[in-house]
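Once you've had a glance at the structure underneath, I'll fire off some questions.
Just so it is clear, the model here is predicted, and its values are computed rather than measured. Order of the sequence lines sets the chain letters (A, B, ...), proteins ahead of strands, with each chain counted from 1.
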2 protein chains.
Amino acid sequence: MAGPLTREQILTAAENVLRRYGPDKATVVDVARALGVSHASVYRHVSSKAELRAAVTRRWLTRVHAPVAALRDSTEDPPARLRTWLHTLLAVKRHKVLDDPELFAAYQRLTAEWQDALTATLDGLVDDIAAIVRAGVRDGSFRPVEPTGTARAIFTATLAFHHPSHAATWSDPGTEERLDAVCDLILVGLSPDRHRTVGDER
Amino acid sequence: MAGPLTREQILTAAENVLRRYGPDKATVVDVARALGVSHASVYRHVSSKAELRAAVTRRWLTRVHAPVAALRDSTEDPPARLRTWLHTLLAVKRHKVLDDPELFAAYQRLTAEWQDALTATLDGLVDDIAAIVRAGVRDGSFRPVEPTGTARAIFTATLAFHHPSHAATWSDPGTEERLDAVCDLILVGLSPDRHRTVGDER
DNA sequence: GCGCTGACAGGTTTCAGAATCTGTCAGCCA
DNA sequence: TGGCTGACAGATTCTGAAACCTGTCAGCGC
């Protein structure tokens, strides 16, 4: 190991251990072993196992959400952008359940225990929605609503498509259509001219 | 015990055993003991422990949903009725989490394992929503939407307020307000004359 | 002094053997 | 005959002792 032990190294080692052994079997002794140090050294940088797990999960979640964060620079009009944003979030999360099931399980468990640790990350998502709502209100594609409260309501209404406790259903056939149906409901409610913005034929 | 053993007696005994010992400790031997018969007798009326648990939970859920089912005869106009219906469902479920935590835990676990066993019960709820939507479309308080699909979308959008995996948040302060915010979003989307039906000041 | 270590107390997990449970069946008794 | 029973095999769960983990600390070596 080059230089002194850093928190980043610990997080990376912990992520690998978590991936290899899963959230039930991973111990901080394993993390220390992976780094070639004693577990007491790990505790110099980390206050508890729970805090370590929360930090790893938070970093992982931030990386997972990167494709969603990238949509902040989108040039689509706000209604399409909101729909794309929600579909991207679903796609990214579904991909991670299948791609990295051990880390997803850790995330799932953390969400169940203390979602406080993730509030900041989740608040970032709500802020993204709020930004889209604000843009829509500004350019007239949405009626004048209060952006933050509306964003929270949208986040709540689409919980089935991003909350980990519903992950098992994300691979069901028709999930995309079910999300679209909820999007329709929301977008019609937001449009200043309902009949034009979203097709009624659905 | 008067007369031959009936399935209803078994369900009632099983419900008591479940309540007393919780979903982890309750066994069919316990149920048989409570009825003063051998466990082989129980198996004459029930095909497996899982089926028994599903049946108990289904019966319990139907009783829990009774106050919601009673709203079918409501005379409120459809928008208010939809809101009342959703608030009643939340109230009834929250009450049961606190009132009957062991049976709620059994329900929660069953939902996680095979929600197939509960599909019929849940479909009944969606049908209730569909009936309200249909009534609203008929009397003009909702725009002309397809009732079943819309009802499913409403059910999905309000998952946070009735799906057992979110039960822990139902006693948080502000839950009612969060449900109202989602209701507003939905109701505005359904109204034929948005600006009159729901206040924009929220 | 700073970063790391080995040792330690208290608590949790593991593991093998014992006990219990599930689901079935041949037979008993009214 | 129809409803119940005791006995049973295989699977699951309990139990208690040993191993292991978490979090802390005094002290070692650079």
Side-chain angles (χ1 to χ4, degrees), chain A residues 1-58 102-103 105-106 108-110 112-114 116-117, chain B residues 1-58 102-103 105-106 108-110 112-114 116-117:
Chain A
M1 295 299 132
L5 194 57
T6 69
R7 192 177 157 93
E8 276 304 299
Q9 281 171 29
I10 291 173
L11 290 187
T12 302
E15 186 170 318
N16 291 331
V17 166
L18 215 49
R19 215 192 310 273
R20 186 177 308 276
Y21 298 106
D24 292 323
K25 300 275 192 175
T27 71
V28 350
V29 172
D30 290 329
V31 175
R33 201 172 7 241
L35 289 164
V37 298
S38 76
H39 76 279
S41 298
V42 174
Y43 274 99
R44 299 215 120 254
H45 297 86
V46 144
S47 70
S48 72
K49 183 185 186 175
E51 191 256 315
L52 173 58
R53 210 163 50 180
V56 170
T57 306
R58 213 154 35 215
E102 300 295 2
L103 282 185
Q108 207 162 16
R109 151 174 310 209
L110 199 65
E113 288 168 4
W114 303 279
D116 306 348
Chain B
M1 297 300 133
L5 194 56
T6 69
R7 192 177 157 93
E8 277 301 302
Q9 280 171 29
I10 291 174
L11 291 187
T12 302
E15 185 170 318
N16 290 333
V17 166
L18 215 48
R19 213 192 310 272
R20 186 176 307 275
Y21 298 105
D24 293 323
K25 300 277 193 174
T27 72
V28 350
V29 172
D30 290 330
V31 175
R33 201 171 7 240
L35 289 163
V37 299
S38 76
H39 76 279
S41 299
V42 173
Y43 275 99
R44 300 216 120 254
H45 296 87
V46 145
S47 70
S48 73
K49 183 185 185 174
E51 192 257 315
L52 173 57
R53 212 163 48 180
V56 170
T57 307
R58 213 153 35 217
E102 300 297 1
L103 282 185
Q108 207 162 15
R109 147 172 312 205
L110 198 65
E113 289 169 4
W114 319 330
D116 307 347

ask   = Can you name the salt bridge (Lys or Arg N to Asp or Glu O under 4.0 Å) partners of B/R109, sequence neighbours left out?
value =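 Testing B/R109 for salt bridge (Lys or Arg N to Asp or Glu O under 4.0 Å), a comparison that skips the adjacent residues, returns B/D24.
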
Any residue meeting side-chain contact (heavy atoms from CB on, under 4.5 Å) with A/A50, in chain and number order, not counting sequence neighbours =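 Scan of A/A50 (side-chain contact (heavy atoms from CB on, under 4.5 Å), adjacent residues dropped) gives A/S48, A/W114.
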
inquiry  = Could you work out, with side chain to side chain donor-acceptor pair (under 3.5 Å) as the rule, every residue matching A/T27, not counting sequence neighbours?
reply    =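 By the side chain to side chain donor-acceptor pair (under 3.5 Å) rule, A/T27 matches A/D30.
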
Strand contacts (DNA chain D) in residues 12-27 of chain A, 4.0 angstrom heavy-atom criterion =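 Residues of residues 12-27 of chain A that come under 4.0 Å of DNA chain D are, in numerical order, A/T27.
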
message = Going by the rule side-chain contact (heavy atoms from CB on, under 4.5 Å), which residues pair with A/E15 if we only count those two or more places apart in sequence or in a different chain?
response =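 Checked A/E15 against side-chain contact (heavy atoms from CB on, under 4.5 Å); matches are A/R19, A/V56, A/R59, A/W60, A/R63, A/L103.
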
task = Taking only the side-chain heavy atoms of A/S38 (C-beta and beyond), determine which of D/dT5, C/dT5, D/dC4 contains the nearest atom.
result =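 Selected nucleotide: C/dT5.
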
task = With rounding to the nearest 0.5 Å, note down the distance linking CD in A/Q9 to OG1 in A/T12.
result =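 The CD atom of A/Q9 sits 8.0 Å away from the OG1 atom of A/T12.
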
message = The criterion is side-chain contact (heavy atoms from CB on, under 4.5 Å); which residues satisfy it with A/A55, sequence neighbours excluded?
response =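 For A/A55, the residues satisfying side-chain contact (heavy atoms from CB on, under 4.5 Å) (neighbours in sequence not counted) are A/R7, A/L11, A/E51, A/R58.
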
ask   = Excluding sequence neighbours, so at least two apart, what forms salt bridge (Lys or Arg N to Asp or Glu O under 4.0 Å) with A/R20?
value =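 Result, salt bridge (Lys or Arg N to Asp or Glu O under 4.0 Å) vs A/R20: none returned.
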
key: Distance in angstrom units between B/L35 CG and D/dT5 C1', rounded   =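 Taking atom C1' of D/dT5 as the reference, CG of B/L35 is at 15 Å.
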
request  = Provide, to the nearest angstrom, the distance between the CZ atom belonging to A/R33 and the P atom belonging to C/dG6.
outcome  =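 Nearest whole value for this atom pair: 13 Å.
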
query = Of the candidate nucleotides C/dC21, D/dT5, D/dT22, which contains the atom at the shortest distance from the side chain of A/V29?
reply =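 In terms of side-chain proximity for A/V29, the closest of C/dC21, D/dT5, D/dT22 is D/dT22.
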
inquiry  = For the helix from C/dG1-D/dC30 to C/dA30-D/dT1, what angle separates the axis at the start from the axis at the finish, each from five pairs, in steps of 10°?
reply    =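 Axis angle across the helix from C/dG1-D/dC30 to C/dA30-D/dT1, nearest 10°: 10°.
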
inquiry  = Looking at A/H45 and A/I10, would you say the former's side chain and the latter's main chain have a donor-acceptor pair under 3.5 Å?
reply    =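 Looks like no, no N/O pair under 3.5 Å.
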
note = In 5'-to-3' order, the base (B), backbone-only (S) or no-contact (-) status of each nucleotide in nucleotides 23-30 of chain D, using a 4.0 angstrom heavy-atom cut-off, is BBB-----

request  = Tell me, please, which residues at least two apart from B/R44 pass side chain to side chain donor-acceptor pair (under 3.5 Å).
outcome  =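 Result, side chain to side chain donor-acceptor pair (under 3.5 Å) vs B/R44: none returned.
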
request  = In whole angstrom, give the distance that lies between atom CD1 of A/I10 and atom P of C/dG3.
outcome  =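 Atom-to-atom, A/I10 to C/dG3, this comes out as 13 Å.
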
